[in-house]
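Here is the naming used below: chain letters follow the sequence lines, and residue numbers restart at 1 for every chain. If you're wondering where the values come from, they're calculated on a predicted model, not measured in any experiment.
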Amino acid sequence: MDKLHQALYRHFGYSSFKKGQEDIIKSVIEGRDTVAMLPTGGGKSLCYQLPGLLTDGTVLIVSPLLSLMEDQVQQLKMRGEKRVAAYNSALTYQEKEAVLKQLHRLKFLYISPEALQSEQMLKRLQAINISFFVVDEAHCISQWGHDFRPDYSKLGEIKKQLAGPVTLALTATATEATLKDISRLLGLEEARYLIHSVDRPNIALHIEEVQDTAEKTKRLTELVRKLQGPGLVYCPTRKWAEELADRITEGTRLRTGFYHGGMEAGDRMLIQQQFIRNQLDLVCCTNAFGMGVDKPDVRYVIHFNLPQTAEAFMQEIGRAGRDGNRSISILLKAPGDKEIQEQLIQTEALSRHDIDFLYEKLAGVRDERGLKETLQQSGLTETQARHFAHLYVKFRHLGNKGREHIYQEMDFRKQQKLSKMEGFAHIAANKGCFREGLLAYFNERRKPRKTPCCTHCGLHLKDYEAKGDHPIMNQLTAWEEELDMIFAVSRDHVC
DNA sequence: CGCCGGCAATATAAATTGCCGGCGGTGCATTATT
């Protein structure tokens, strides 16, 4: 047994690596910047945790969600690793101070891209030894960094200011263009790429076309009644998520919840926990649901509408069948599906006219606060204001030329989003193999045909139907899981 | 674009119709005021 395997066994109790893990770990230990793609549930956190334990210094991990950081900190603590903390707005002033004081003693520090912008934090980080700079869910850099969460696009600058530690970008879903974007924004010119297929062969891909929304709703109820759960239904809006959950509750005996970003944090947590513990058969949700939901036995994912991109689609169906067992993705299509998505994209982008108007209002405004206030008073959405502010700060020193840059950048982002959306619509409309189309989008050639593959290659929905009274089965499972959890906890305490 | 809530008009009193305007997804972080 080599050193790495010994360490794996000693620290984590595993005797072998999952596919792809070892190459990633070796790469970062050798000091190479690495961009890695591992399938959902492929054990990404181990890829920086093990090297972290074998190297002096602190691992800095950028994470997109507070709840994700919380989970990771808990898990490490359960394993007996005390030198771990998260730094974000969920902390009180005192807690933040405590983390800053202890920084040099930490093995793992989880942080949001926003919190990483803090001067104070940056200064403290510059004073300690950082072993690895890790960006978890790195597709967020490309997906959110340009407009929604611009601090994601500043990570490259932060990395530079930290004297360029060895960097690891981890994701499960990215096209070649997205990987390039990640490298560019993080400044990883010499990076090694360790890419795993996005394909999930145990998830069958089904598409159904119906006439209109009414028929869709009816069909959805039929499907969830028959299918073996638990399952997820991705909905286009918050309202639809709630509405469909109501309809399903009325029309079936299934225990149904809904989940979206407009809910209280406590309610969101509750639904997620109930789903994980099999106290719910299905959840109707928006794209807010999923990141960090580590449930192995999701049997189906239904899309009530076209998702905005093929990447989003892969991410969302990827929440099914993590246990490797037979699962299904069902896409419900109807004419006019694109309109909601298209409009979301259209209304978010600012026109030349809007930008000129903002420039007029901003004449004479000097400081950061004035900028924010002015934008707030201009009737922009929060996202629009942030996107514009980001570009304005970046280009304002160029005067009128800077304004041209902003026109172009706004338009470019809009066009890119529209074309990604069209791209997926096109793949879904194709009469050939759906999987082949999807994989081609990710620059992959489809592997030898496995049945069942997709609607166009032949598949039987009957194979995915529930047998018997599964709600009772689920309660039993919940019981067993709870027992398992109790044992897992006590085991960890002993070790 | 398509949907929904709010409001006025209708036509005669409780409820429908129709028009207008706004909104729609993703999450960090809120350091200033009742």
message = Go through it in stages, so that I can follow the logic: the residues are A:Ile302 and A:Leu232, the test is side chain to side chain contact (heavy atoms under 4.5 Å, CB included), and I'd like the CA-CA distance, side-chain angles, deciding distance and then a yes or no.
response = CA-CA 6 Å; A:Ile302 299 177; A:Leu232 288 172; over 6 Å; no
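In this structure, A:Gln341 places its CD atom 11 Å from C1' of B:dT26, rounding to the nearest Å. Atom pair A:Glu137:CD and B:dT26:C1' shows a separation of 13 Å (rounding to whole Å applied). Summarising the geometry, the separation between CG on A:Leu418 and C1' on B:dC1 is reported as 14 Å, rounded to the nearest angstrom. In this structure, A:Trp240 atom CH2 and B:dT26 atom C1' are separated by 21 Å, rounded to whole Å. Rounded to whole Å, the distance from CG on A:Asp212 to C1' on B:dC1 is 16 Å. A:Gln346 places its CD atom 17 Å from the C1' atom of B:dG22, with the value rounded to the nearest Å. Regarding A:Gln384, its CD atom lies at a distance of 16 Å from the P atom of B:dT26, rounded to whole Å.
A side chain to side chain donor-acceptor pair (under 3.5 Å) check over residues 230-246 of chain A, counting only residues at least two apart or in different chains, returns the pairs A:Tyr234-A:Arg319, A:Glu242-A:His260, A:Glu243-A:Arg247. Residue pairs meeting the ring-ring contact (aromatic ring centres under 6.0 Å, His included) criterion with at least one partner in residues 367-392 of chain A, sequence neighbours excluded, are A:Tyr359-A:Tyr392, A:Phe388-A:Tyr392. Residue pairs meeting the salt bridge (Lys or Arg N to Asp or Glu O under 4.0 Å) criterion with at least one partner in residues 365-392 of chain A, sequence neighbours excluded, are A:Glu382-A:Arg386.
Base pairing in DNA chain B yields stems of at least 3 consecutive Watson-Crick or G-U pairs, both distances under 3.5 Å, namely B:1-10 with B:15-24.
Ion pairing between A:Asp297 and A:Arg322 fails under the 4.0 Å rule for side-chain N and carboxylate O. Salt-bridge formation is detected for the pair A:Lys420/A:Glu311: a Lys NZ or Arg NE/NH1/NH2 atom is positioned less than 4.0 Å from an Asp or Glu carboxylate oxygen. Under the 4.0 Å criterion applied to side-chain N and carboxylate O atoms, A:Arg219 and A:Glu208 are assigned as salt-bridge partners. Salt bridge status for A:Lys107 with A:Glu81: absent, with no side-chain N to carboxylate O gap under 4.0 Å.
As rounded to the nearest Å, B:dA11 and B:dA15 have C1' atoms that lie 11 Å from one another. Taking atom C1' on both B:dA29 and B:dG22, the two are 27 Å apart, rounded to the nearest angstrom. Separation of the C1' atoms belonging to B:dT33 and B:dC28 is 23 Å when rounded to the nearest angstrom. B:dT10 and B:dA14 have their C1' atoms separated by 12 Å, given to the nearest Å. Atom P of B:dC7 sits at a distance of 25 Å from the matching atom of B:dT12, rounded to the whole Å.
Between the side chain of A:Lys159 and the main chain of A:Leu186, a donor-acceptor pair closer than 3.5 Å is present. Panel note: side chain A:Lys333, backbone A:Asn305; no donor-acceptor pair is recorded below 3.5 Å.
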N/O contacts under 3.5 Å, protein versus nucleotides 27-31 of chain B?
from, atom 1, to, atom 2, distance (Å)
B:dG27, OP1, A:Arg268, NH2, 3.1
B:dG27, O6, A:Arg386, NH2, 3.3
B:dG27, N1, A:Arg386, NH1, 2.9
B:dG27, N1, A:Arg386, NH2, 2.6
B:dG27, N2, A:Arg386, NH1, 3.2
B:dC28, OP1, A:Leu66, N, 2.8
B:dC28, O4', A:Arg149, NH2, 3.4
B:dC28, O3', A:Ser112, OG, 3.2
B:dA29, OP1, A:Ser89, N, 3.3
B:dA29, OP1, A:Ser112, OG, 2.7
B:dA29, OP2, A:Ser89, N, 2.9
B:dA29, OP2, A:Ser89, OG, 2.3
B:dA29, O5', A:Ser89, OG, 3.4

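By the rule that a glycosidic angle within 90° of 0 means syn, B:dT12 does not qualify and counts as anti.
Among the protein residues, A:Leu344 comes within range of the nucleic acid bases, having at least one heavy atom under 4.0 Å from a base atom. Counting any heavy atom pair closer than 4.0 Å across all strands shown, A:Lys239 reaches sugar-phosphate atoms only and no base atom.
The environment of CZ in A:Arg184 is crowded: more than 12 heavy-atom neighbours from other residues, nucleotides or ligands sit within 6.0 Å.
Near DNA chain B, meaning a heavy atom under 4.0 Å away, the residues from residues 303-315 of chain A are A:Gln308.
Each of A:Thr58, A:Leu100, A:Ile158, A:Ile130 was scored for a side chain to side chain contact (heavy atoms under 4.5 Å, CB included) with A:Leu125, with one residue passing: A:Ile130.
Nearer the 5' end of DNA chain B, as judged by each residue's closest nucleotide, is the contact made by A:Glu339, out of A:Thr347 and A:Glu339.
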